[in-house]
A.B. asks: 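Sharing a structure here in structure tokens format.
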2 protein chains.
Amino acid sequence: MSHSPSGQTTLVDVARRAGVSLATASRAINDSYGVSTKTRGRVLAAAEELAYVVSPEASRLAGGRTGRVGLVVPHIDRWFFGTLVAGAEGVLGDAGLDVLLFRVGDADDRRDFFHRLPARRKIDGLIVVGFPVLEAERERLDLLGVSIVSAGGQQEAYPYACVDDYEVGTIAVTHLLNLGHRRIAMIEAIDPDQPGWPTLAPRSAAYHDALDRAGIRSGPGLVCTVPWGGEAGADAMAQLLSRAEPPTAVYAHSDEIAVGAIRTARRAGLDVPGDISVVGIDDHPIAALTDLTTVAQPVRAIGERAAATLLEMIDGQHLPSSTTFPAKLVVRRSTAPPAVGARD
Amino acid sequence: MSHSPSGQTTLVDVARRAGVSLATASRAINDSYGVSTKTRGRVLAAAEELAYVVSPEASRLAGGRTGRVGLVVPHIDRWFFGTLVAGAEGVLGDAGLDVLLFRVGDADDRRDFFHRLPARRKIDGLIVVGFPVLEAERERLDLLGVSIVSAGGQQEAYPYACVDDYEVGTIAVTHLLNLGHRRIAMIEAIDPDQPGWPTLAPRSAAYHDALDRAGIRSGPGLVCTVPWGGEAGADAMAQLLSRAEPPTAVYAHSDEIAVGAIRTARRAGLDVPGDISVVGIDDHPIAALTDLTTVAQPVRAIGERAAATLLEMIDGQHLPSSTTFPAKLVVRRSTAPPAVGARD
DNA sequence: TCTAAGTTCGGAAACGCTTCCGAAAACCAA
DNA sequence: TTGGTTTTCGGAAGCGTTTCCGAACTTAGA
């Protein structure tokens, strides 16, 4: 077997075996115009037999694609991001593209990422997973010269796949209102590492608007703003319970927060949902396991859609389109009508 | 300014500006032998002024490293894997290496991965995250010709970073025994997608051995084997509760399973830990949020260690070494001594 | 001052691929 | 059959580096 010095099979080997020129072999493998079906078949067969894989470096250097897509993710260890990545990876992988992972955990990582642009010259497209891109960052990103889509966070700048967070919030709060609750608190989440997190504002606005519509004033004492995470939710609930008139229901910006809040309530001797109702957002697996009522969003599907959109953009077929996914209420056992004595 | 057609600044530009040859410029930038200090300084200055960045493709093609490391992961959307990846990504990223993600979710993906070897020619090293590599698969992997380490699963074949699962199991079961429990059940997990999951056997063996040592027979009715996951844990608990003599304590192979089991117990009107104790494994965030007693393993640190080991291997400095991390019991509120009436 | 050894640097050949351009071959209608 | 199209294919020029090899130049020892 005649291999190149590198020990790897090269296109030359494939071409020789198929009895065609290097140029033709390349065209056949890349499905370019100008190769007869028969020849293409022969080349593909030869490639198969020799277990040939293109060298992405050479391919790219010669003006082709890298065959790689970048995924920029704040926290790969959180369910939401992991699931979204899994969805994207699935369709990307099926399309034969590799996934390059970039984390932008804290503010430093983030600055570094946009400044150094480690993705430069390495990818054909980029998916920004679950965080907003600032104007200045967008300019840096443009330097990459590749297609970009946003997943899990609505963005002006790029095509996106996500859920309508205002709708999500409205569904959650309305559920509480429908049950008869009037003193409804909100535990509002912020990610200290990701200033300007886009889902925050709509989820909060939905709360205020829904209460307004119901003719209820959302007293300032009923909103707690905490960093993202379960423990913070637990702390927030403690604050809420220390109010003169504690809420009969709590709307949390995420399931983790909600579960933390429930832990505090239970430790305080309260029954959930008997004494206090709690609703979360996401339908994180933890929600099912802890009987938490929540608003489900199809995270995996969002990741898949984002990837599909990116593929379309890379292929340059039709104009890229954004997709907004529907959310739906999942009623479990953390919400119930308020106790009679608690109604006002 | 004279730039190459690509629009990017190339080494040629730098060389011209510094008034040296291409070869010298390359040597200066790569800190190779044979360049005078003065010349090197001139080249570096020119590079700086032109904001030059090497083309990774060209560099690699001409004989360098890919600057990429592969991560093979079964389920990126599960906390354990996500956290491990986050740890590995951290140290890899700091070392200037990019991370290429490969998922091998189900058996099909897996076969495909080892057959097609999509990682070929794309990486300098590989981390196998949390699953055992079969003999046949190992042979395929050798074809990659790169360094390999295993993270989160002890392996004969490769250097590894993980926890001793036998110890983990022993800690959990001993805790239950020390509390005075005698009818201790085990919910044993298997991953249907990953036959031969290596952590399973030690975790189960630890249970049997610990009971033996305590002079207790582990009746067959006290072990449930279920697929991985919270819902399965819930089902398993239902089975256990339907026994003539239900257990007073349950040892679950993971926190998700444990939480599912607790849900079932609570729905059945049992108090946890009053009527039945439950202990899990991992110290998944869900454990803290649901007051679950568990055995913690330093997942993130394991990922970091695995990456560090791989870096050493790639650099070829010293011989690679495996690391076993300690696990520790985290006592929360899901375990307590058995109710008096339940003691036998 | 002359030779031998050591330094510093430039020329040029890879690395493995894509693609432009032109030639050969195949096809069609007249 | 012939001339003109349309396909199909090979030659060859890059893409931006690294590195081997040898030339030129510097230094040191005699």
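The sequence lines fix the lettering, A, B, ..., with proteins before strands; numbering per chain opens at 1.
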A.B. asks: Testing the basics here: between A/A18 and A/R42, what is the closest heavy-atom pair and its distance to 0.1 Å?
C.D. replies: O-NH1, 2.6 Å
A.B. asks: Between residues 33-45 of chain B and DNA chain C, which residues have a heavy-atom gap below 4.0 Å?
C.D. replies: B/Y33, B/G34, B/V35, B/S36, B/T39
A.B. asks: Taking only residues at least two apart or on different chains, which pairs with a member in residues 81-101 of chain A satisfy side chain to side chain donor-acceptor pair (under 3.5 Å)?
C.D. replies: A/W79-A/T83, A/E89-B/R103, A/D98-B/K122
A.B. asks: Take the C1' atoms of the five end pairs on each side of the helix from C/dT1-D/dA30 to C/dA30-D/dT1, get both axes, and report the angle to 10 degrees.
C.D. replies: 30°
A.B. asks: Mind checking side-chain hydrogen bond (donor to acceptor under 3.5 Å, both in side chains) for A/S21 and listing every partner two or more places apart, or none if nothing turns up?
C.D. replies: A/T24
A.B. asks: Listed by chain and number, what are the salt bridge (charged side-chain N to carboxylate O under 4.0 Å, His left out) partners of B/R65, not counting sequence neighbours?
C.D. replies: none
A.B. asks: Please enumerate all residues that pass side chain to side chain contact (heavy atoms under 4.5 Å, CB included) together with B/L143, with sequence neighbours excluded.
C.D. replies: B/L117, B/R140
A.B. asks: Once ring pair (Phe, Tyr, Trp, His ring centres under 6.0 Å) is applied, what residue pairs with a partner in residues 91-110 of chain A remain, sequence neighbours excluded?
C.D. replies: A/F102-A/F113
A.B. asks: Can you sort out the partners of A/E48 under salt bridge (charged side-chain N to carboxylate O under 4.0 Å, His left out), two or more places apart, ordered by chain and number?
C.D. replies: none
A.B. asks: B/R60: what forms a side chain to side chain contact (heavy atoms under 4.5 Å, CB included) with it, not counting sequence neighbours?
C.D. replies: A/E57, B/T66
A.B. asks: Tell me which residues in residues 22-29 of chain A lie within less than 4.0 Å of DNA chain D, going by non-hydrogen atoms.
C.D. replies: A/A23, A/T24, A/R27
A.B. asks: Name all residues meeting the side chain to side chain contact (heavy atoms under 4.5 Å, CB included) criterion together with A/S26; count only those two or more places apart in sequence or in a different chain, and write none if there are none.
C.D. replies: A/L11, A/N30
A.B. asks: Which of the following nucleotides, C/dC17, C/dG10, D/dT18, is nearest to the side chain of B/N30?
C.D. replies: D/dT18
A.B. asks: For A/S59, which residues count as a side-chain hydrogen bond (donor to acceptor under 3.5 Å, both in side chains) partner, sequence neighbours excluded?
C.D. replies: none
